[in-house]
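This structure is a prediction, so every number in the text was calculated from the model and none was measured. Side chains included, hydrogens not; waters and symmetry mates left out as well; all remaining heavy atoms used.
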Amino acid sequence: MIYLKQYLFQHKGKVLLTVLLLLGQVVGTLLIPALLAELVDQGILAGNTSVIWNTGVKMLAVTGLATAAAAWGSWATSDLSAAFGREMRLKVVQKSQALAIQQFDQIGISSMITRTTSDIANLERTIGMVFQMIVPAPLIVIVSIIMTVRAHAAMAVIQFLFMGLLLGLAAFVLKRSEALSRSVQVRLDRINQVVREAVTGVRVIRAFGNEDYEEQRAGSAYRDYADTMIRLNRLFAIVNPIVWLMMGALMALILGVGGGLVLSQAMALGQISAVSEYSMMTMAYLIMAASVMTTLPKASSCLSRLSELLELRPAVSDGGLVTAAAPAKTEPVLVFDHVTFAYEGAEEPVISDLSFTLASGQTTAVIGSTGSGKSTLADLILRLHDLQSGQIRLYGTALPEYPQQALRDHISCVPQKAFLFSGTLAENLRMGQKDASEDQLWKALRIAQAEDFVRQLPQGLNAPVAQGGTNFSGGQRQRLAIARALVKEADIFIFDDSFSALDGRTDAALRQALREQLTRPAKLIIAQRISTIRDADQILVLDQGHLAGCGTHEQLMQSCPAYREIAASQSQRKEA
């Protein structure tokens, strides 16, 4: 709720204009019954033609002004609600980029999509309806009651009676619908999750012939959502017939009681017309307000889900003690000093008491069995997680003392999964350095062994890239991801199992180009194949998070049993 209040306060000028326009529409609407009473009593019944013409012109003028105010007010309301949606989506995207990877995974991609789309769209609609249907209602009710009391107190009592019945019905529906509205959004999260998995994993599903199971799983999610929506709609379905019954009963009672008062000369005929108009207007606005109020539980649930996300404190926060211009680039580039790290809820640390150094121009390789903590090492250097103990220092300064952006300006990383964004090749390659020239792009492609196939593309660097880079093969995506990292001028280059999709010849050519062209930065290569790392200056062997060995290939073959075991298993696979 605090975000909605902040937004309305920041845009109080827009809010005030919107309210004034809507009130102008209401004032115009309220004048019509009074003019109608004047037309009937002083014009039609009195046979006064001039009053008929004058009152008719007034009614047309008031109607025109009310219509103009309504149209402008509708536009202002739409603009206000759409701007709120834009700001909330921007906040959600900014928060998603600030959260630690572990926190992002806990929320879930499907839930993030639902909050960004469905939840905010519901809030936009509700804000628009509140301004147009709830804000004018109090003025309509108050003025209608005052005008009715002036005509006759008995008519005001009838209005109060029916207004009380209507508000009681609305309160009942609101109370019953609150829990159902919350559960609808949770079930929508589940649908998004199932559909997303079915779409992204379609190849795996077909390969295992698992279509029937996935259809059943999706059908179950759809049924849960449909059942909840049906229960909610059944509750709302009782409102319309009851409301129309109340409207008919109100009109019949007003005309019956009013007719008796006219016969006894306690009321004028025109006043009955005005009172019936005021009563219908009051009930109509209350019905609209009540219908909007039935959407408030769902909107409140959406706002709570967004607030829960936006108020979540990032697990990794900026220290901000070192500016982007600092520090002095002295040796060594990076130091791991007795680093220990465990994921939240894990029984054992994934990395334990790890110490090593990266020097400028040096190639350091990391190898180990699956689950030994190799990729976690890259995440810790990027400070995607914070340590439990120990310290990582960049140019002598602990990583938490850097603003995250300043830290990552020193690092260029090729992640384990080669992901490309929709757009063009040039846009993807310039992600790390926006002002890179075409010569720099071609140089990076040449080192990454991607120049040949890019030059064969009809549009070259302007060739389109599909979402995820699906219009390129796995090896091409991997080389393009490497080229994207090489465009950036960094002090540390991290290659997280980035050569796995390359054949041996391309792998060797790429590593040679890296040795010849990247002589100043420190390079960290995380790999599964010994052939990829055997030329490294130092090789770290990880075994269940512990450093089992450190040295060159030849040194480790003599001194490290874990390394020899990996080498033996890979040589056996080659022979097989």
Side-chain angles (χ1 to χ4, degrees), residues 1-15 18 76-135 173-197 221 224-225 228-229 232 236 289 291-318 344 384 404:
M1 187 62 71
I2 187 171
Y3 294 99
L4 180 58
K5 290 179 180 177
Q6 287 175 352
Y7 172 78
L8 294 177
F9 180 77
Q10 289 170 357
H11 298 81
K12 51 184 178 290
K14 273 187 178 181
V15 173
T18 303
T77 302
S78 299
D79 179 65
L80 196 65
S81 58
F84 172 75
R86 179 191 62 208
E87 289 197 16
M88 289 300 289
R89 287 189 177 93
L90 182 60
K91 285 180 181 293
V92 170
V93 171
Q94 289 173 338
K95 176 60 73 171
S96 69
Q97 297 301 314
L99 293 176
I101 299 298
Q102 193 170 352
Q103 291 176 301
F104 192 91
D105 291 340
Q106 287 174 348
I107 296 170
I109 296 175
S110 59
S111 183
M112 289 290 293
I113 293 172
T114 305
R115 295 178 205 223
T116 311
T117 53
S118 175
D119 287 2
I120 294 178
N122 283 328
L123 285 171
E124 287 181 26
R125 284 194 296 270
T126 302
I127 289 171
M129 290 190 294
V130 164
F131 272 101
Q132 289 189 301
M133 299 181 188
I134 293 183
V135 170
V173 172
L174 280 173
K175 187 175 181 180
R176 294 292 299 273
S177 64
E178 188 172 359
L180 287 173
S181 296
R182 288 198 185 97
S183 63
V184 163
Q185 295 306 109
V186 175
R187 282 161 173 75
L188 192 58
D189 279 351
R190 175 62 178 164
I191 286 177
N192 277 335
Q193 178 185 354
V194 170
V195 171
R196 185 175 179 275
E197 288 179 351
D224 287 345
Y225 179 77
T228 307
M229 283 300 297
L232 192 61
F236 293 153
S291 67
V292 173
M293 289 176 72
T294 58
T295 68
L296 293 182
K298 187 174 183 179
S300 176
S301 173
C302 294
L303 193 57
S304 297
R305 283 157 51 86
L306 289 169
S307 298
E308 177 189 11
L309 172 64
L310 295 176
E311 291 169 8
L312 186 61
R313 186 175 180 180
V316 177
S317 57
D318 279 340
E344 186 177 352
L384 300 180
Q404 293 178 65

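When atom types are taken as modelled, the side chain of K91 and the backbone of L306 share no donor-acceptor pair closer than 3.5 angstrom. S118 contributes no side-chain N or O that, together with a main-chain N or O of T114, makes up a donor-acceptor pair within less than 3.5 Å. Between the Q103 side chain and the A98 main chain, no donor and acceptor come within less than 3.5 Å of each other.
Nearest heavy-atom pair across M112 and F104 is CE-CE1, 3.9 Å. Pairing each heavy atom of L123 with each of A299, the nearest pair is CD2-O, 3.4 Å. Residue T117 comes nearest to I113 through the heavy atom pair OG1-O, 2.6 Å, listed as atom of the first residue, atom of the second, then distance. Of all the heavy atoms in C302 and N122, the pair that sits closest is SG-ND2, 3.6 Å. For the pair S81 and S78, the tightest heavy-atom approach, listed with the atom from each and the gap, is OG-O, 3.1 Å. Residues R187 and D224 approach most closely at CD-O, 3.4 Å, considering heavy atoms.
In this structure, the separation between OG on S307 and CG on L312 is 12.0 Å, given to the nearest 0.5 Å. Note that CG of L303 and CZ of R305 are 11.5 Å apart. Values are rounded to the nearest 0.5 Å. Atom-to-atom distance recorded for M88:CE and R115:CZ is 11.0 Å, nearest 0.5 angstrom. Summarising the geometry, atom CG belonging to L188 is positioned 9.5 Å from atom CE belonging to M229; distances are rounded to the nearest 0.5 Å. We find the NZ-CG distance between K95 and L90 to be 13.0 Å, quoted to the nearest 0.5 Å. The line from OG of S304 to CG of L309 is 12.5 Å long, rounded to the nearest 0.5 Å.
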